[in-house]
Amino acid sequence: MILVGSARSYLHAFLSQAKGDKPSQAPKKKQNKDAKKEGASKESKLGLSVAKTEDFGLWYSEVVTRGEMIEYYDVSGCYILRPWAYAVWEFIKDFFDAEIKKRGCENAYFPCFVSEKALTTEKDHVEGFAPEGAWVTRAGKSELENPIAVRPTSETIMYPCFSKWVKSHRDLPLKINQWCNVVRWECKHPTPFIRSREFLWQEGHTAYATKEEADEEALAYLELYKQVYEDLLCVPVMKGIKSEKEKFAGAFYTTTVEAFVPGTGRGIQGGTSHCLGTNFSKMFEIQYEDVKGEKQFAWQNSFGLTPRTIGVMIMNHGDNKGLVLPPRVAPVQVVIVPIFFRDSRDALIAKAEEMVEKMKAVGIRAKADLRENYNPGWKYNHWELK
């Protein structure tokens with residue numbers, strides 16, 4: 001069974017369905033019947049209970065849990081990424097990491113805590129993230145003299161270091177990326193992959209001598225985000241520039257890729273690349289001496305991509321049988337399910353393993369499901385969901 005596919009769906013549909021905006025009752029019965037016909041199995045109890053068009057919110061929740069993508073956690077808005085989901089993230093990570101390294105971007109890691117003094121250095125920035133800030137105020141039974149925030153993003157953590165590292169035009173461009181987690185606590189409608197309080201991401205932070213360099217690089221990273229969606233996830237996106245109201249807090253301008261769903265007529269933000277101008281470099285004194293010996297403020301960019309990519313992929317391609325994973329990010333592309341009969345067990349196992357090895361030899365991610373405590377029907381439903 002080769003797991004491939006293409007379709008479309010998305011967050012605002014999820015939120016509107018969650019609020020009660022559902023189709024009329026008449027087609028609902030037919031859709032529910034279709035869902036049971038396609039996905040639900042009384043024997044396996046693995047199928048989905050609703051159709052995608054019947055109750056999008058419930059459908060999505062069932063797909064990500066029964067498809068073994070996430071496990072719910074006892075802290076609201078935080079989710080466990082199971083191996084099936086994390087493997088997809090690794091494919092995205094490996095592709096993007098290789099591409100940014102071609103552009104001279106280096107990986108580093110910075111602490112997850114930020115001091116109140118650093119966070120409040122850039123006024124617009126801190127005001128933009130103030131409702132989402134999670135603060136540590138106590139260690140054990142002792143109150144902290146100076147509360148510290150868990151990073152919502154890392155500009156104010158990284159840029160004091162940039163001011164130390166950048167002194168001359170010879171130190172530019174400076175291109176740093178980190179793969180980490182961040183916490184943004186303001187979350188009214190938590191949704192796995194789409195909107196959560198803690199999430200993984202990559203965040204790149206760069207510094208240049210000129211606006212022209214910053215402009216060029218901001219668009220270059222945006223193009224890589226477009227490639228992630230279209231080349232890996234088979235989801236078409238549109239590139240654009242955010243309005244002044246919607247741009248990143250403290251940015252000069254924000255560029256974005258947005259996924260569009262014709263069925264709902266709406267879009268969802270897929271990834272953003274920001275030109276920060278000299279706003280942060282002036283605040284954090286990131287200055288360099290140019291070839292004439294004059295002091296200049298560096299032009300800066302930042303850019304980030306999250307596992308929202310996975311949620312958008314699921315909402316686009318998933319159907320009434322469960323997940324549909326594009327082959328480039330599918331953890332397993334082919335599953336062999338042998339049907340044992342009479343004295344065929346040993347021969348079928350040997351043949352299945354032989355076929356798996358041949359496929360692996362030519363780069364196909366394959367496996368044989370040889371579990372004997374489940375019958376073939378159960379396995380079919382299991383792999384259709386995944």
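All values reported here derive from a predicted model rather than from experimental measurement.
- By the 4.5 Å heavy-atom criterion applied to side chains, Arg365 and Met359 are not counted as neighbours.
- By the criterion of side-chain heavy atoms lying less than 4.5 angstrom apart, applied directly or through intervening Ile, Leu, Val, Met, Phe, Trp or Tyr residues, Tyr229 is not grouped with Phe199; the two fall into different hydrophobic clusters.
- For the side-chain hydrogen bond (donor to acceptor under 3.5 Å, both in side chains) test with Asp215, the passing option among Trp299, Tyr208, Tyr253 is Tyr253; the others fail.
- Val114 has its side chain out of reach of Ile148: every pair of non-hydrogen atoms, C-beta onward, lies at least 4.5 Å apart.
- With salt bridges taken as basic N to acidic carboxylate O contacts below 4.0 Å, one links Glu68 and Lys386.
- Following chains of ILVMFWY side-chain contacts shorter than 4.5 Å, one can reach Val235 starting from Val329, so the two form part of one hydrophobic cluster.
- What you find for Ile92 and Leu232 is that their closest heavy atoms are CA-CD2, 4.0 Å.
- Inter-residue side-chain proximity for His189 and Arg195 is flagged as met; some heavy-atom pair is nearer than 4.5 Å.
- Residues Leu385 and Tyr374 fall within the same hydrophobic cluster, defined by Ile, Leu, Val, Met, Phe, Trp and Tyr side chains chained together at heavy-atom separations under 4.5 Å.
- Between Trp165 and Phe110, the ring planes lie tilted relative to each other; the angle falls in the 30° to 60° range.
- For the residue pair Glu203 and His205, a side-chain donor N or O sits within less than 3.5 Å of a side-chain acceptor on the partner.
- To the nearest 0.5 Å, atom CD of residue Gln287 and atom OG of residue Ser281 are 8.0 Å apart.
- Counting only heavy atoms from C-beta outward, the side chains of Val136 and Pro147 never approach each other to under 4.5 Å.
- Of the possible donor and acceptor atoms, one in the side chain of Ser243 sits under 3.5 Å from a partner among the backbone N and O of Glu246.
- Placement of Val63 and Trp84 within a single hydrophobic cluster is found when ILVMFWY residues are connected by side-chain heavy-atom separations under 4.5 Å, directly or transitively.
- Between Leu224 atom CG and Phe95 atom CZ the span is 6.0 Å, to the nearest 0.5 Å.
- The two residues Leu370 and Ala352 make their nearest non-hydrogen contact at CD2-CB, 4.3 Å.
- Lys52 places a side-chain N or O within donor-acceptor distance of the main-chain N or O of Met315, the cut-off being under 3.5 Å.
- One finds the NZ atom of Lys282 at 13.0 Å from the CG atom of Leu276 (value rounded to the nearest 0.5 Å).
- Around the CG atom of Asp94, the shell of radius 6.0 Å holds more than 12 heavy atoms that belong to other residues, nucleotides or ligands.
- For Arg308 (side chain) and Ile194 (main-chain N/O), a donor-acceptor pair under 3.5 Å exists by modelled atom type.
- Under the 4.0 Å criterion applied to side-chain N and carboxylate O atoms, Asp290 and Lys292 are not assigned as salt-bridge partners.
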Evaluation steps, side chain to side chain contact (heavy atoms under 4.5 Å, CB included), between Val182 and Leu200 = CA-CA 7 Å; Val182 292; Leu200 299 171; over 6 Å; no

May I have the step-by-step check of salt bridge (charged side-chain N to carboxylate O under 4.0 Å, His left out) for Lys102 and Glu99, ending in yes or no?
-> CA-CA 5 Å; Lys102 291 177 184 177; Glu99 291 300 316; 3.0 Å; yes

Determine, step by step, whether Trp383 and Lys367 satisfy the side chain to side chain contact (heavy atoms under 4.5 Å, CB included) criterion, reporting the C-alpha distance in whole Å, the side-chain angles of both residues, the deciding distance to 0.1 Å, and the verdict.
-> CA-CA 11 Å; Trp383 291 109; Lys367 72 171 295 177; 3.8 Å; yes

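- Using a distance-only test at 3.5 Å, with no hydrogens or angles considered, a donor-acceptor pair links the side chain of Tyr60 to the main chain of Pro192.
- Ring planes of Phe56 and Trp59: tilted class, angle from 30 to 60°.
- Under 3.5 Å, the side chains of Gln178 and Ser154 contain a donor-acceptor pair of N or O atoms.
- Note that CD1 of Ile80 is 8.5 Å distant from CD1 of Ile70, once rounded to the nearest 0.5 Å.
- Between the side chain of Glu62 and the backbone N or O of Ser49 there is at least one donor-acceptor pair closer than 3.5 Å.
- The main-chain N or O of Asn181 is found under 3.5 Å from a side-chain atom of Arg151 such that the two form a donor-acceptor pair.
- Between Phe96 and Tyr221, the angle of the ring planes lies from 30° to 60°, which puts this pair in the tilted group.
- Atom OH of Tyr72 has more than 12 heavy atoms from other residues, nucleotides or ligands within 6.0 Å.
- Here CD of Glu155 is found 9.5 Å from CZ of Phe162. Values are rounded to the nearest 0.5 Å.
- Counting heavy atoms from C-beta on, the side chains of Thr309 and Trp89 come closer than 4.5 Å.
- The residue from Glu213, Glu106, Glu217 that alone fulfils the salt bridge (Lys or Arg N to Asp or Glu O under 4.0 Å) condition with Lys175 is Glu217.
- Salt bridge absent: Lys295 and Glu285 never bring a charged side-chain N and a carboxylate O closer than 4.0 Å.
- Residue Phe91 is grouped with residue Val228 when hydrophobic side chains (ILVMFWY) are merged at heavy-atom distances under 4.5 angstrom, including chains of intermediate members.
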From CA spacing to verdict: side chain to side chain contact (heavy atoms under 4.5 Å, CB included), Met69, Leu323 = CA-CA 9 Å; Met69 298 292 278; Leu323 295 167; 3.6 Å; yes

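- Counting all heavy atoms, side chain and backbone alike, Val183 lies closest to Ala134 at CG1-CB, 3.8 Å.
- Considering only heavy atoms from C-beta on, Lys247 comes within 4.5 Å of Glu244 through its side chain.
- In summary, the aromatic rings of His274 and Phe248 are positioned with their centroids under 6.0 Å apart.
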Carefully, step by step, assess Thr256 and Ile241 under the rule side chain to side chain contact (heavy atoms under 4.5 Å, CB included).
-> CA-CA 6 Å; Thr256 180; Ile241 300 177; over 6 Å; no

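- Residue His317 comes nearest to Pro326 through the heavy atom pair CD2-CG, 3.7 Å, listed as atom of the first residue, atom of the second, then distance.
- Counting heavy atoms from C-beta outward, Asn316 and Val324 have side chains that stay 4.5 Å or more apart.
- For Phe341, the CZ atom is loosely surrounded, since the number of other residues' heavy atoms within 6.0 Å does not exceed 12.
- Salt bridge annotation for Glu223-Lys239: present, with a cationic side-chain nitrogen under 4.0 angstrom from a carboxylate oxygen.
- Ring geometry for Phe284 versus Phe280: interplanar angle under 30°, hence parallel rather than tilted (30 to 60°).
- In this structure, the side chains of Asp231 and Arg328 come closer than 4.5 Å at one or more pairs of heavy atoms.
- Side chains of Gln269 and Lys242: a donor on one and an acceptor on the other come within 3.5 Å.
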Can you list the steps and then say if Glu198 with Arg184 is a salt bridge (charged side-chain N to carboxylate O under 4.0 Å, His left out)?
-> CA-CA 6 Å; Glu198 179 193 8; Arg184 297 180 183 177; over 6 Å; no

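- Side chain of Ser61 to backbone of Leu58: no donor-acceptor contact under 3.5 angstrom is found.
- Within the 3.5 Å criterion, the main-chain N or O of Ala298 finds no donor-acceptor partner in the side chain of Thr278.
- Formation of a donor-acceptor pair under 3.5 Å by the Tyr79 side chain with backbone atoms of Ser196 is not found in this model.
- The main-chain N or O of Ser168 is found under 3.5 Å from a side-chain atom of Asp171 such that the two form a donor-acceptor pair.
- Rounding to the nearest 0.5 Å gives a distance of 15.5 Å between CG of Asp346 and NZ of Lys351.
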